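Provided herewith is a single structure, encoded as structure tokens, for subsequent inquiry.
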Amino acid sequence: MILKALDTIHISSVSPNNLLTGQTFELDDHFARLLIERGLAAEVTGIGVADEPISRKVAGANTRTKAG
């Protein structure tokens with residue numbers, strides 16, 4: 001689900017940095033609903049989504065790289 005932060009929050013599975021108010025990000029439905037219930041995020045509907053950068057975390061992605 002794509003959400004918009006209503007306050008500054010930190011979700012390490014989305015980004016190593018804080019998500020700022022108004023920033024959009026993607027999160028699984030279960031945790032997205034929890035944030036919505038707590039008033040920390042709102043679901044983004046299809047309007048304007050393509051124009052905004054979205055913080056995404058790909059399941060199973062390895063962010064470490066090793067040369068050699």
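Nothing here was measured: the structure is a model prediction, and the numbers come from that model.
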Review point. Rounded to the nearest 0.5 Å, how far does CD of Glu43 lie from CG of Leu27?
Key: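 The CG atom of Leu27 sits 11.5 Å away from the CD atom of Glu43.
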Review point. Could you give the distance from NZ (Lys4) to CD (Gln23), rounded to the nearest 0.5 Å?
Key: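 Atom-to-atom, Lys4:NZ and Gln23:CD are 10.5 Å apart.
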**Study point:** Nearest-0.5 Å distance, CD1 of residue Ile11 to CD of residue Glu26
**Key:**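 Reported to 0.5 Å precision, the distance equals 12.0 Å.
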Practice item. Taking the side chain as every heavy atom from C-beta outward, state whether Thr21 and Leu6 have any atom pair closer than 4.5 Å. Key: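 Side-chain contact under 4.5 Å: no.
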Which side-chain N or O atoms in residues 28-36 pair as donor and acceptor under 3.5 Å with protein atoms at least two apart or in another chain?
| from | atom 1 | to | atom 2 | distance (Å) |
| --- | --- | --- | --- | --- |
| Asp28 | OD1 | His30 | N | 3.2 |
| Asp28 | OD1 | Phe31 | N | 3.2 |

**Study point:** side-chain hydrogen bond (donor to acceptor under 3.5 Å, both in side chains) partners for Asn18, two or more places apart
**Key:**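 Partners of Asn18 by the side-chain hydrogen bond (donor to acceptor under 3.5 Å, both in side chains) criterion, ordered by chain and then number, come out as His10.
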Review point. So do Val44 and Ile2 actually touch side chain to side chain, heavy atoms under 4.5 Å?
Key: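 Yes, side chains in contact.
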Exercise for review: Would you give the length of the straight line joining atom CG of Leu19 to atom OG1 of Thr8, rounded to the nearest 0.5 angstrom?
Suggested key: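 Spacing of CG (Leu19) from OG1 (Thr8) equals 9.0 Å.
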Review point. Rounded to the nearest 0.5 Å, how far apart are CD1 of Ile9 and CZ of Phe25?
Key: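 Rounded to the nearest 0.5 Å, the CD1-CZ separation comes to 4.0 Å.
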